[in-house]
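Reading through the structure tokens given below for one structure.
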Protein chains: 2
Amino acid sequence: MDDKDRLLLSLLRRDARRSLVALARDLGLSRSATQERLAKLQDSGVITGFTVVEGAAERRSTAHLLIRLAPGRHCAQLVPRVKTIPAVVQIHSVAGAIDLIVRVEGDGVAPLEQARAAIAAIDGIAEVSTFIVLDHHLG
Amino acid sequence: MDDKDRLLLSLLRRDARRSLVALARDLGLSRSATQERLAKLQDSGVITGFTVVEGAAERRSTAHLLIRLAPGRHCAQLVPRVKTIPAVVQIHSVAGAIDLIVRVEGDGVAPLEQARAAIAAIDGIAEVSTFIVLDHHLG
DNA sequence: CGCCCGCACCGGCGTTTTGCCGGTCGGACC
DNA sequence: GGTCCGACCGGCAAAACGCCGGTGCGGGCG
């Protein structure tokens, strides 16, 4: 983690979709060296992913779904299906009476209800409890 | 802003550096149509930029606490107390059989148990169910 | 009805970027 | 000296990108 790494990181913070060529130019390194550094930052866990900065977040509607799987089903099979639903922004598999906690967001409650229906319809999902978020005190 | 746009957005939230070709495949559109949609999302200000998810997430232990308040208590009184606990990273008040969903993170399970105890001890909190996160599939 | 316009989409082109790999240089160590 | 190792460079084939002309379809309008 030297100055070049820190500079690379800060360039990516500003625009994570820039090409390696452009990043390399700003870093004063060759493209392939930049590529290696980026790979190491990811492997070492300094960078875990890249995401979107959303505009003027008009607070969107949020809900939590607590999901119980049918006996003998594992999340590995179901999670990929859940991921394809656009409203889903968070998926955690948990230990206990519940198997999955999913957070969904949308523009009003209709998309949430729709997402809930889509998830409930997936084969292997036994039960879905919905909790509409009334207020975001944190996160 | 239709379903395709929303799906595109959610794909980018998960990995903002994916190629347009890969995004187009998941969207079921041609690459150039995907490119146009992305451009419009940016022009219209829905997407203002792309950034790095940093390794503050050297995957720490996470749990969700589902909290029921004592009859007659309101979250407004209790949430400030909950906020003072450092392990707490997310607080949502929700409608239904549960009143609060709290996400806690810490370095191993011990801090989580400690946070749970601290929350359970707050006057006005009737019941706390703990769900340790086994796997982060998203978020 | 027929026409035209706007919009979203497709496909193809030349160019740029990427993934990959062999090769060079300098420092540490025996 | 010799060797190993890490960081870097450069080049090639393959993939992705930017751009633009062309198509299909629904909506206004004479």
Side-chain angles (χ1 to χ4, degrees), chain A residues 1-58 60 80-81 83-89 104-108 110-112 114-115 118, chain B residues 1-59 137-138:
Chain A
M1 232 326 202
D2 60 8
D3 279 342
K4 300 266 188 201
D5 282 320
R6 273 182 283 274
L7 179 53
L8 176 56
L9 193 50
S10 89
L11 291 172
L12 285 169
R13 265 198 286 261
R14 273 173 255 165
D15 180 5
R17 270 186 83 81
R18 282 187 71 196
S19 72
L20 288 172
V21 179
L23 295 168
R25 195 172 346 100
D26 286 4
L27 274 181
L29 285 179
S30 74
R31 203 249 325 163
S32 30
T34 306
Q35 200 167 13
E36 278 179 38
R37 280 176 179 269
L38 175 54
K40 288 195 181 167
L41 286 177
Q42 295 190 79
D43 292 347
S44 68
V46 176
I47 292 177
T48 58
F50 305 95
T51 192
V52 170
V53 184
E54 305 207 25
E58 335 94 21
R60 307 172 17 124
R81 310 268 308 267
K83 269 191 192 172
T84 64
I85 298 167
V88 171
V89 298
V104 293
E105 289 187 8
D107 194 29
L112 302 187
Q114 207 173 336
Chain B
M1 229 330 199
D2 59 8
D3 277 344
K4 300 265 188 202
D5 282 319
R6 274 182 283 273
L7 181 53
L8 176 56
L9 192 51
S10 92
L11 290 171
L12 285 169
R13 266 199 286 261
R14 287 165 216 178
D15 181 5
R17 270 187 83 81
R18 282 191 65 200
S19 72
L20 287 172
V21 178
L23 295 168
R25 193 171 353 96
D26 285 5
L27 274 181
L29 286 178
S30 73
R31 184 199 43 103
S32 29
T34 307
Q35 200 167 11
E36 279 179 37
R37 279 177 180 270
L38 175 54
K40 288 196 182 167
L41 286 177
Q42 295 190 81
D43 292 346
S44 68
V46 176
I47 292 177
T48 57
F50 305 95
T51 191
V52 170
V53 183
E54 303 206 29
E58 330 115 2
R59 270 316 174 198
H137 303 101
L138 216 67

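A note on names: the letters A, B, ... follow the listed sequences, proteins ahead of strands, and every chain is numbered from 1.
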>> If the helix axis at each end comes from five base pairs, how far does the helix from C:dC1-D:dG30 to C:dC30-D:dG1 deviate from straight, to 10°?
In response: 20°
> Roughly how far, to the nearest 0.5 Å, is CZ of A:Arg31 from CG of A:Leu23?
Replying inline: 11.5 Å
>> Working to the nearest 0.5 angstrom, can you tell me the gap between A:Asp2 CG and A:Leu8 CG?
In response: 10.0 Å
> Picking from B:Lys4, B:Arg13, B:Arg6, what satisfies side-chain contact (heavy atoms from CB on, under 4.5 Å) with A:Pro86?
Replying inline: B:Arg6
>> Under a 3.5 Å distance rule, please check whether A:Thr51 uses its side chain to pair with a backbone N or O of B:Arg14 as donor and acceptor.
In response: no
> Taking B:Gln35 as the fixed residue, which of B:Leu29, B:Val21, B:Leu20 is the one that meets the side-chain contact (heavy atoms from CB on, under 4.5 Å) rule?
Replying inline: B:Leu20
>> For a quick check, with a 4.0 angstrom heavy-atom cut-off, what is the B/S/- contact string for nucleotides 14-28 of chain C, read 5' to 3'?
In response: ---SBBB--------
> Distance from A:Phe50 atom CZ to A:Gln42 atom CD, nearest 0.5 Å?
Replying inline: 4.0 Å
> Thinking salt bridges, do A:Asp26 and A:Arg18 make one under a 4.0 Å N-O criterion?
Replying inline: yes
> Hey, is A:Lys40 close enough to A:Asp43 for a salt bridge, meaning N to O under 4.0 Å?
Replying inline: no
> When the distance from CD of B:Gln42 to P of D:dG18 is rounded to whole Å, what number comes out?
Replying inline: 10 Å
>> What is the distance, to the nearest angstrom, from the CG atom on A:Leu29 to the P atom on D:dG6?
In response: 18 Å
>> Taking only side-chain N and O atoms of B:Lys40, does any of them lie within less than 4.0 angstrom of OP1 or OP2 on C:dC7?
In response: no
> Looking at DNA chain C, which of residues 4-12 of chain A put a heavy atom within less than 4.0 Å of it?
Replying inline: none
> Do you know which two heavy atoms are closest between B:Leu7 and A:Thr84, and how far apart they sit?
Replying inline: CD1-O, 3.7 Å
